[in-house]
Amino acid sequence: MSSLQPVRGTHDLMFDDIRRHRLVQAKFAALAAHYGYSEITTPIFEATDVFARTLGDTTDIVTKEMYTFETKGGESVTLRPEGTAGVARAFISEGLTQQTPLKFFYHGPMFRHERPQKGRQRQFHQIGAELLGVPGPQGDVEVIALADHTLRELNLSGHITLELNSLGDTESRAAYRAVLIDFLFGHREKLSAESRERLEKNPLRVLDSKEPADKEIVVSAPRFPDYLNQTSRDFFKAVQDGLNNLGIFFKLNSSLVRGLDYYSHTAFEFTTEALGAQGTVLAGGRYDGLIKQMGGPPTAGIGWAAGVERLAMLLSDLPPLPRPIAMIPVGESEDAIAQKLSHRLRNSGFNIDIGYSGNMGKRMKRANKLNARVALIIGEDEVKQSVVTVRQLDSGEQSRVAMADLESHLDLYR
RNA sequence: GCGGGUAUAGCUCAGUUGGUUAGAGCAUCUGGUUGUGGUCCAGAGGGUCGUGGGUUCGAGCCCCAUUACUCGCCCCA
């Protein structure tokens, strides 16, 4: 056991792990393109303000989880803890504000300095989609449909449920916040220490406290839906109708609160029981105020992000790896011709594995381990007659094929 | 940041009340087969028992510290 470890909360991804990640990315990328979204890659770090000013001064992400450092020029930069702020920044700095509606999707690493846990790492990966400049509920419906479709495409919809809530517009939220604070203050003494702190920083969070004592109080708390104004109510209704129209099932959850400050109206989470404490697999919402807050023109926005590690853990079987054709020179004198033949076959689209050294037995073992379908054996005899011995590894049958005819003979295994 | 659990071979794990030279399976390598893999047989290599200290005649085992992993809290994808 080596003492050389990757930095806490980071992981090397290889073999099946990275294949799972690729599968998630590839299926999502294909589907997003199908919905008319185009890919965007924003920098992995941004000026610290991009995150600090938008995510909310009181959120844990900003107060204690950001990887922030100073550049040689004295500028404060931060490794991105999430994807939306960067896309919003690009929207403004690339002068795209006249080109709405815009539909973007992305994938890539994110960084948060938290205590690692199952499904939670300091460097982790997200896929996400953002729809900019669509203020109406059809935007919410489309974005949620893309999320739902992505999960279905990954065969995960079975053990995942969609939870839905509305945080209302600014006016509704302010109104509710006021009565909620009022109510909670009345029960201040009975609240848990954590919730008393939440009361100061982010009162809505008290609603999904897991403390039994808190839960008891929360049951009789004023309910968010009752404080939505007519506009917010109509909007939420339209989103629900839209989802019903598409046959997408959801569960209303009035205590669902998104962590980041920039959300309004629709908030949603796809959750599972299968990942312990990290049940949220995909989450998002509407953020109509964000672009303006960052200095752009008022622009509606809605989007979501999903944790690739969490999705990857839920995937069942990976598709099998392609079976290569093993090129096996019998001795050193056949190396050159084997290499030349491999090159020719690779150029015609065949998947060729050529062992780098070892006697024939070793190379056959390697071919077997790689699950090769066919071995191409080239020895002195074969070279003399310009043929190759083609051995089917599953059946053990073998025959000789003229080198010139190899491509057409192997066509089955392309 | 707070709490619980774990740490023995490349991997998964045994290791009795503290007692000789720390084991198994899988994997790797060699040979049986110098032009034929998978199965089989025989053999080999591989360990500062996470790290540092302590108790003891004696520590993989007990105690303390520390690090990593892991699960939960907080928070979040």
Side-chain angles (χ1 to χ4, degrees), chain A residues 1-9 11 24 55-56 58-65 80-84 107-128 147 160 192-195 197-198 201-202 205 208-211 256-260 268-272 275-285 303-314 326 328-331 333-334 355 358-383 389-398:
Chain A
M1 187 170 296
S2 169
S3 59
L4 250 193
Q5 302 275 350
V7 170
R8 179 167 218 200
H11 289 276
V24 171
L55 302 182
T58 60
T59 56
D60 277 12
I61 290 183
V62 169
T63 54
K64 51 187 198 198
E65 294 178 359
R80 62 182 185 194
E82 55 99 44
T84 303
H107 74 83
M110 307 291 166
F111 305 84
R112 293 181 198 173
H113 191 104
E114 319 180 74
R115 185 89 170 239
Q117 238 172 278
K118 181 178 189 175
R120 163 184 299 173
Q121 301 166 1
R122 290 183 172 180
Q123 175 176 343
F124 62 106
H125 300 78
Q126 289 188 330
I127 53 174
I160 292 179
S192 67
E194 288 85 12
S195 284
E197 206 172 308
R198 291 192 193 104
K201 298 198 313 197
N202 191 348
R205 279 255 156 244
D208 54 23
S209 169
K210 284 159 196 157
E211 285 290 325
L256 191 163
V257 179
R258 307 270 26 325
L260 313 180
F268 58 92
E269 282 185 12
F270 288 79
T271 58
T272 176
L275 292 180
Q278 276 65 243
T280 303
V281 127
L282 183 157
W304 54 261
V308 177
E309 281 79 3
R310 292 183 185 179
L311 293 174
M313 278 191 288
L314 295 174
I328 301 187
V330 172
S333 39
E334 289 83 36
N359 59 25
M360 193 180 172
K362 262 191 186 164
R363 291 177 192 244
M364 287 297 286
K365 266 188 190 167
R366 176 189 166 84
N368 200 58
K369 199 156 65 178
L370 292 172
N371 194 28
R373 202 194 308 239
V374 175
L376 303 181
I377 299 163
I378 305 177
E380 256 178 84
D381 285 3
E382 282 87 349
V383 172
T389 296
V390 177
R391 181 177 176 89
Q392 315 278 337
L393 291 171
D394 290 340
S395 65
E397 283 168 35
Q398 61 185 48

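What's counted below: heavy atoms across the whole structure, side chains too, no hydrogens, waters or symmetry copies. Each chain gets a letter, A, B and so on, in the order the sequences are listed, and its residues count up from 1. Note that the coordinates shown come from a computational prediction; the quantities given were computed from them, not determined experimentally.
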At less than 4.0 Å, is any side-chain N or O atom of [X] found next to OP1 or OP2 of [N]? Yes or no.
| X | N | result |
| --- | --- | --- |
| A/R120 | B/C75 | no |
| A/K118 | B/C76 | no |
| A/R115 | B/C71 | no |

Residue pair A/H107 / A/Q126, side-chain donor-acceptor N/O under 3.5 Å: no
Flag for A/E269-A/T280: side-chain donor and acceptor within less than 3.5 Å: yes
With sugar-phosphate meaning primed atoms plus P, OP1 and OP2, does [X] contact a base, only sugar-phosphate, or nothing at under 4.0 Å between heavy atoms?
| X | value |
| --- | --- |
| A/E82 | nothing |
| A/E382 | base |
| A/G331 | nothing |
| A/G119 | base |
| A/A283 | sugar-phosphate |
| A/E380 | base |
| A/L393 | base |
| A/I377 | base |
| A/D381 | base |
| A/R112 | base |

Counting heavy atoms from C-beta on, name the nucleotide in [options] closest to the side chain of [X].
| X | options | result |
| --- | --- | --- |
| A/Q398 | B/C75, B/G38, B/U36 | B/U36 |
| A/M360 | B/U36, B/G38, B/U70 | B/U36 |
| A/R198 | B/C74, B/C76, B/U36 | B/C74 |

Given RNA chain B, 5'-ward residue of the pair A/R122 and A/G9, judged by closest heavy atom: A/G9
Residue whose closest nucleotide on RNA chain B lies nearer the 5' end, A/H113 versus A/A306: A/H113
Measure from [atom1] on [X] to [atom2] on [N] and round the result to the nearest Å.
| X | N | atom1 | atom2 | value |
| --- | --- | --- | --- | --- |
| A/R363 | B/G35 | CZ | P | 13 Å |
| A/E334 | B/G35 | CD | P | 10 Å |
| A/M313 | B/U70 | CE | C1' | 13 Å |
| A/L314 | B/A77 | CG | C1' | 12 Å |

4.5 Å side-chain heavy-atom contact, A/M364 and A/L393: yes
Non-hydrogen side-chain atoms of A/P81 and A/M110 separated by less than 4.5 Å: no
Test log, rule side-chain hydrogen bond (donor to acceptor under 3.5 Å, both in side chains), inputs A/T389 and A/E382: CA-CA 7 Å; A/T389 296; A/E382 282 87 349; 2.6 Å; yes
Polar side-chain contact A/Q117-B/U70 base: donor and acceptor under 3.5 Å: no
Assigned partner base of B/G25, Watson-Crick or wobble definition, under 3.5 Å: B/C11
For B/U17, the Watson-Crick or wobble partner whose two distances fall under 3.5 Å: none
Heavy-atom closest contact (A/L282 atom, A/F268 atom, distance): CD2-CE1, 4.0 Å
